[in-house]
Amino acid sequence: MHLAGGRLRDFARGCDVLGGGGGGQARYALPLAVHAVELNGPVQVVPATELPANGLVMPCTFLGAPAIGAERIGTCREAATIRGHVERHFGQPVVAMLCNEIGGFHGAASVALAAHAGLPMLDADGMGRAFPGMSRVAMHLAGVTPDPVVLADEHDRVVAVHAGDGWAERMARSVVVGFGDRGVSSEYVMTVDQVADAVITGSVSKALRIGELIGAAASVPDAARAIVAEFDGVLIAEGRVTAALPEPGRHTPATIEGTGADEGRTLRLEVGHEYLAVIEDGQVLATVPDIITVFDTYTGEALGAEELRYGQRVVAFALPCPDVWRTPAGLDLVGPAAFGLDLPYRPVVAS
Amino acid sequence: MNPDRSCRLGLSMQRDRFAAALVESDGTVLASIERPLTTAAASTVMPVVVEELMAQAGPRGVDLAHIQQVMIGVSEIDGLAGLPGASDGWRRWPGQLGPVAVVRLGAATTSLPPLAGWPAELRSSVSIAEACVAGGARLDGTDFEPLDTAALVAFARQISGRVNAVAVSSVFAAVAPGHELAAAGLLRAELGDSVPILLSHEMGGSGLLERENATVLQAALIRRAWGAAHRLRRSLVDVGLSHAEPFLARNDGSIMTVDYALTRPLLMHGAAAALGARGAALLAGEPEALVAFTDVDGEPTAVCSVTAGSAQLAAGPTAIAGVQTGLRTVALVPTTPPIGGSGCGLPQLAAAVDRAKSSPRDLPLLVIGPGAEKLVDTLPGPLPGTTLVCCPPRADAAAAVGVAVAPISGEAVRMFSANSAHGDDIRHRTREQARAAAVHAGADPVTVAVTDFEESTVPYVTEPTVLLRARAEGPPRVGWRRTYERS
């Protein structure tokens with residue numbers, strides 16, 4: 001399988017769905033991916049089984065503030081610079097790139113980074129959705145060390161952080177501050193034989209498939225139904241947003257009032273960087289780490305948490321998160337309490 | 001005849017219809033018309049406008065000599081400017097599109113080079129050369145890269161004699177425009193004074209790519225805009241209005257002088273919607289309202305919301321000729337959704353009304369455009385979410401009234417560290433820059449004033465950073481002296 005042409009658009013749409021309202025919008029990273037593929041050719045997507053067991057898998061992602069990234073758009077060659085340093089440090093070739101965060105902007109951006117680094121993408125990612133923070137990845141739960149964190153800016157300034165777990169993210173963030181709030185980083189570098197239990201497998205093909213389902217659906221609610229049917233999710237409701245106060249980084253509730261067949265229902269949506277929970281009549285319908293997605297039926301876009309506005313016509317649905325997040329250790333890291341919610345985790349179960 | 005009397009003539013052109021109004025300096029609307037358009041060009045419309053408006057206003061003692069200003073707005077610029085892929089219906093500005101050269105100051109920005117992602121046809125018809133050379137700023141105002149003057153001079157020699165204009169953009173130009181200004185000096189020395197050099201910081205807007213795209217489109221249109229301005233002034237002379245100063249309407253519903261618009265033709269995009277909203281609010285006396293636009297058959301086409309008498313602008317960028325630009329236009333909610341939409345009628349209107357609002361508060365819905373009365377007459381009853389639905393007086397020509405009474409505006413945007421010791425000085429200077437921008441666009445220097453001053457923080461940035469946005473408004477200048485007469 002490879003990513004190029006129209007598949008890139010499908011893939012980006014799927015990334016936006018898996019973002020669950022967080023991670024920024026993949027549609028803004030799509031031009032980067034399209035240009036990178038035009039320049040370097042299609043990006044191959046490979047399963048771990050097709051790679052040499054002792055080859056290195058390199059996660060790679062953008063870090064920093066969106067307002068800076070809008071001006072300092074970078075080269076995407078940062079990934080190639082980082083690759084060189086990782087190979088010199090480990091004395092082994094990197095054989096594939098791993099997308100850290102499939103949900104939202106970073107899912108689509110990782111295609112651009114892989115293309116410029118001349119690497120195929122592993123059909124996997126670190127989250128299976130979007131989360132804030134560097135350590136909310138499956139690699140962390142599997143005990144893979146993030147060291148060394150290798151960071152680069154667009155002028156090939158490179159910093160390698162050897163700080164140990166717990167300190168890696170802190171130190172890496174202060175390096176990015178030194179870069180001026182924009183950089184590219186790689187952490188949790190693994191060998192291929194480490195990968196099997198340490199990543200979310202199949203994420204890239206899942207996002208692509210979701211995008212294909214959206215493209216084939218006759219209407220936006222139909223797309224939601226098709227995704228839910230294929231990926232064991234639940235359709236929550238169709239409705240209109242009757243209250244929303246999006247503020248970057250703040251916890252704010254939004255209200256969706258049912259329309260059509262859902263007339264008379266009132267849903268409370270807890271909104272942070274992403275959609276955190278859906279509550280109806282005091283009953284929790286879905287919470288993090290399951291993926292709550294809200295489609296705007298008017299534009300067909302998956303709405304980012306900060307894009308929610310009064311008056312939007314929407315369809316909301318939830319998809320189960322990867323199993324690793326449903327373990328006790330996983331819920332400690334990314335369960336409702338980790339996002340400041342005093343709610344029990346009630347897994348989404350397909351009806 | 002009262003020699004002190006002063007009137008403004010407003011003209012708003014859509015693709016296939018136009019509206020015109022004559023407004024007294026105290027705001028009284030003396031005459032208005034709304035008609036289909038055979039050729040969407042000011043030169044063919046102007047004689048009809050003057051004849052019909054004067055037929056209405058003449059008996060009220062108005063003479064052509066009383067018309068001191070002529071304000072013109074258009075619905076979209078891409079068709080008018082002859083950009084490929086735009087809808088037909090406009091008589092396109094003749095002449096060459098481009099050719100331009102594109103310079104980006106910021107070598108390490110090649111993840112998307114200049115014009116990457118542009119429609120191929122447009123790109124090849126607009127640009128002959130693009131370059132990313134070292135330069136630009138960082139958020140703290142220091143150099144992103146030192147300006148590569150040698151590369152700029154080499155590029156200038158390569159394009160010399162082959163371009164009609166040059167578009168220059170740079171990283172964080174809104175924070176520190178110094179490199180753009182220095183580059184303009186170098187380019188001018190090589191290319192001569194006759195080649196306009198457009199700088200992205202003058203276009204405003206954050207986001208390197210959107211700002212650059214807007215700058216390139218403006219540069220490409222300059223030759224055509226010159227021709228259009230010439231024909232516009234000539235058409236005023238032909239109808240006996242050589243003494244009246246022409247103004248052009250812009251995206252946000254304010255107006256600018258023709259000279260100002262010459263290097264910023266893109267700003268004319270989407271003006272008609274903003275003017276319609278302004279006119280509707282004024283005519284109905286409702287500064288907080290929703291405005292529905294209609295077609296000639298009485299069908300609603302779009303809804304927008306009005307606060308403090310002006311249309312609300314969309315948060316996002318505006319696509320023109322398939323290119324994302326930093327231009328902000330009215331947040332119009334079409335009654336036909338962009339996907340899966342069909343038909344237009346009452347349920348679609350009600351949905352668009354709800355979507356155009358920013359809160360559940362019910363607001364009056366002002367219906368304007370050629371089919372306004374027809375739509376209001378066919379409404380079976382109250383519309384959900386509205387306090388009333390009304391058709392203000394002269395609703396068909398609301399956009400023409402809106403342009404006739406529009407102010408001139410200027411904006412200044414500035415980012416700086418919240419820890420700066422010069423914060424108050426920077427705030428003061430930003431307000432002065434907004435006032436200066438309005439005067440530059442043609443506002444009366446005596447009465448122009450800062451009407452809006454927003455201060456916010458840039459999210460997720462480690463160094464606390466303040467974003468200032470100042471807006472000044474004022475009435476258009478008076479005392480225009482005729483400088484152009486048919487010999």
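Excluded from the calculations below are hydrogen atoms, water molecules and symmetry mates; all remaining heavy atoms, backbone and side chain alike, are included. Sequence lines set the chain letters: A, B, ... in the order given, protein chains first and strands last, and positions in each chain run from 1.
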Q) If you look at every heavy atom in Tyr460(B) and Ala65(A), which pair is closest and at what distance? A) O-CB, 3.3 Å
**Q.** Max heavy-atom pair count under 4.5 Å with chain B, selected residue of Ala112(A), Gly180(A), Pro31(A)
**A.** Pro31(A)
Q) If you look only at pairs with a residue in residues 28-41 of chain A, which of them pass as a side-chain hydrogen bond (donor to acceptor under 3.5 Å, both in side chains), with sequence neighbours excluded? A) none
With only heavy atoms counted, which part of [X] is less than 4.5 Å from chain A, the side chain, the backbone, both or neither?
X         : result
Ser359(B) : backbone
Glu463(B) : backbone
Val458(B) : side chain
Ala351(B) : both
Pro334(B) : both
Val353(B) : neither

Can you tell me which portion of [X] sits under 4.5 Å from chain B's heavy atoms? Options are side chain, backbone, both or neither.
X         : answer
Val220(A) : side chain
Ser219(A) : neither
Ala36(A)  : neither

Q | Residues, nucleotides or ligands: over 12 heavy atoms within 6.0 Å of Arg77(A) CZ | A | no
Euclidean distance, [Y] [atom2] relative to [X] [atom1], rounded to 0.5 Å:
X         : Y         : atom1 : atom2 : value
Ile73(A)  : Leu112(B) : CD1   : CG    : 5.5 Å
Thr462(B) : Ile68(A)  : OG1   : CD1   : 8.5 Å
Leu113(A) : Ser111(B) : CG    : OG    : 9.5 Å

Q. Do you know which of Pro113(B), Ala356(B), Ala116(B) has the most heavy-atom pairs under 4.5 Å to chain A?
A. Pro113(B)
Q) Any idea which of Pro360(B), Ala315(B), Gly117(B) has the most non-hydrogen atom pairs under 4.5 angstrom with chain A? A) Pro360(B)
**Q.** Residues of residues 169-179 of chain B contacting chain A, heavy-atom criterion under 4.5 Å, by residue number
**A.** Ser170(B), Val171(B), Phe172(B), Ala173(B)
Q: Using a 4.5 Å cut-off on heavy atoms from C-beta on, say whether the side chain of Arg240(A) contacts that of Asp354(B).
A: yes
Q. Does the distance from a Lys or Arg side-chain N to an Asp or Glu carboxylate O, for Arg355(B) and Asp296(A), drop under 4.0 Å?
A. yes
Q) Is Glu71(A) paired with Arg211(B) through a side-chain N to carboxylate O contact shorter than 4.0 Å? A) yes
Q: Dump the intermediate steps for side-chain contact (heavy atoms from CB on, under 4.5 Å) on Tyr310(A) and Arg361(B), then the final yes or no.
A: CA-CA 11 Å; Tyr310(A) 173 86; Arg361(B) 185 158 76 102; over 6 Å; no
Q: Say whether, by atom type as modelled, one donor and one acceptor occur between the side chain of Thr75(A) and the main chain of Ala108(B) under 3.5 angstrom.
A: no
